[in-house]
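Read through the structure below, which is laid out as structure tokens, and then see the notes.
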Amino acid sequence: MTEKYRKNVGIIIFDIRGKVLMCARADKPDMQWQFPQGGIEPNEDIIEAAKRELKEETGITSVKYVNQLPFTVKYKFPDSVKNFFKQQGCDYVGQEQSWVLFLFEGNDCEINFLTNPEEIEFKDFEWVNPLEAPQRIVYFKKDVYQTVVNYFLPIIISEVQHGK
């Protein structure tokens, strides 16, 4: 039997200082940080999925597309997450993620976690050095975050230096 991975898009947003947006999950009592992410609908373009998820989860629309990871990355869920999906009738073992990099062209007052009060994803945000992201993420996503930060960091630095 082939293992089933949920198609997902991860989103890294950086600002003109080269800081990246990390958000604290609303469904956890402590501050569990992650980048915005979400499912890709059937036949949905990855960039459009990223923009849709970003707007749904954070209210952010003032972004400029910069780059995309040229390959997908996979990670497996711990049993608690697998069980959550099983209860919803899905048999995912993990996620296969595409990653998109955006430059944030708005200001912090645009960030609104209440765009869909029935499904609030996040409760707080911080702009952090990209190298901090893999240390802040839950254990089963650390390798993915290290991969995407390693790939996007030179691009972020170049964009910031050239004032794009």
Side-chain angles (χ1 to χ4, degrees), residues 1-14 19-60 63 65-102 111-153 155-156:
M1 183 169 124
T2 304
E3 293 182 317
K4 190 174 178 183
Y5 286 84
R6 179 176 180 252
K7 300 287 185 201
N8 184 277
V9 61
I11 306 152
I12 297 182
I13 304 159
F14 70 99
K19 303 281 186 178
V20 295
L21 180 72
M22 293 203 77
C23 300
R25 294 179 55 95
D27 62 346
K28 304 295 179 190
D30 54 351
M31 299 301 264
Q32 288 193 15
W33 299 95
Q34 70 176 53
F35 293 130
Q37 67 175 46
I40 300 172
E41 302 295 332
N43 301 316
E44 187 176 31
D45 173 82
I46 291 168
I47 306 304
E48 291 308 310
K51 287 180 178 179
R52 177 185 52 74
E53 284 292 337
L54 188 59
K55 183 178 180 182
E56 288 174 5
E57 293 185 357
T58 68
I60 294 174
V63 292
Y65 170 81
V66 175
N67 208 309
Q68 182 178 340
L69 196 67
F71 52 88
T72 60
V73 287
K74 291 181 179 179
Y75 66 88
K76 289 195 173 182
F77 293 136
D79 288 340
S80 60
V81 178
K82 285 182 197 172
N83 292 337
F84 168 78
F85 279 108
K86 279 184 183 174
Q87 290 172 358
Q88 295 186 352
C90 304
D91 58 350
Y92 299 122
V93 299
Q95 295 201 111
E96 180 176 3
Q97 292 188 306
S98 299
W99 281 86
V100 177
L101 179 67
F102 289 120
I111 300 171
N112 176 8
F113 299 137
L114 302 176
T115 58
N116 180 3
E118 295 166 11
E119 194 174 332
I120 298 172
E121 298 281 337
F122 300 119
K123 61 185 173 188
D124 201 0
F125 71 92
E126 287 185 9
W127 292 96
V128 303
N129 181 310
L131 297 173
E132 286 182 43
Q135 282 68 53
R136 286 179 167 228
I137 191 65
V138 66
Y139 72 93
F140 60 92
K141 296 183 185 180
K142 281 190 185 295
D143 289 344
V144 169
Y145 272 52
Q146 194 63 61
T147 297
V148 297
V149 166
N150 288 346
Y151 183 83
F152 286 134
L153 185 58
I155 298 166
I156 293 170

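Just the heavy atoms: all of them, side chains too, but no hydrogens, waters or symmetry mates, feed the values below.
A search for salt bridge (charged side-chain N to carboxylate O under 4.0 Å, His left out) contacts involving Lys4 returns Asp91, not counting sequence neighbours. Applying the side-chain hydrogen bond (donor to acceptor under 3.5 Å, both in side chains) test to Gln146 and every residue at least two apart in sequence or in another chain returns Asn150. Considering only residues two or more places apart in sequence or on other chains, Asp45 meets the side-chain contact (heavy atoms from CB on, under 4.5 Å) condition with Ile47, Glu48. Legend: residues meeting salt bridge (charged side-chain N to carboxylate O under 4.0 Å, His left out) with Lys76, ordered by chain and number and at least two apart, are Glu3. For Pro130, the side-chain contact (heavy atoms from CB on, under 4.5 Å) partners are Val20, Val149, Leu153, Ile156, not counting sequence neighbours. For Tyr139, the side-chain contact (heavy atoms from CB on, under 4.5 Å) partners two or more places apart in sequence, or in a different chain, are Pro78. Taking Tyr92 as the reference, Phe85 meet the ring-ring contact (aromatic ring centres under 6.0 Å, His included) condition, with sequence neighbours excluded.
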Side-chain donor/acceptor pairs under 3.5 Å, residues 93-101, sequence neighbours excluded:
residue	atom	partner	partner atom	Å
Gln95	OE1	Arg6	NH1	2.6
Gln95	OE1	Asn8	ND2	2.9
Gln95	NE2	Tyr75	OH	2.4
Glu96	OE1	Lys7	NZ	2.7
Glu96	OE2	Thr72	OG1	2.8
Gln97	OE1	Trp99	NE1	3.3
Gln97	NE2	Asn8	OD1	2.8
Gln97	NE2	Gln37	OE1	3.1

Enumerate, atom names and distances included, each donor-acceptor pair closer than 3.5 Å involving a side-chain atom of residues 25-32, sequence neighbours excluded.
residue	atom	partner	partner atom	Å
Arg25	NE	Asp27	OD1	3.0
Arg25	NH1	Gln34	OE1	3.1
Arg25	NH2	Asp27	OD1	3.2
Arg25	NH2	Asp27	OD2	2.6

Please set out all donor-acceptor pairs under 3.5 angstrom arising from side-chain atoms of residues 112-122, sequence neighbours excluded.
residue	atom	partner	partner atom	Å
Asn112	OD1	Leu114	N	2.8
Thr115	OG1	Glu56	O	2.5
Asn116	OD1	Glu118	N	3.3

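Taking CZ of Phe35 as the reference point, atom CD1 of Ile13 lies at 9.5 Å (rounded to 0.5 Å). Annotation: the span from Trp127 atom CH2 to Lys19 atom NZ amounts to 11.0 Å, rounded to 0.5 Å.
Sorted by first and then second residue, the salt bridge (charged side-chain N to carboxylate O under 4.0 Å, His left out) pairs involving residues 127-145 (not counting sequence neighbours) are Glu126-Arg136, Glu132-Arg136.
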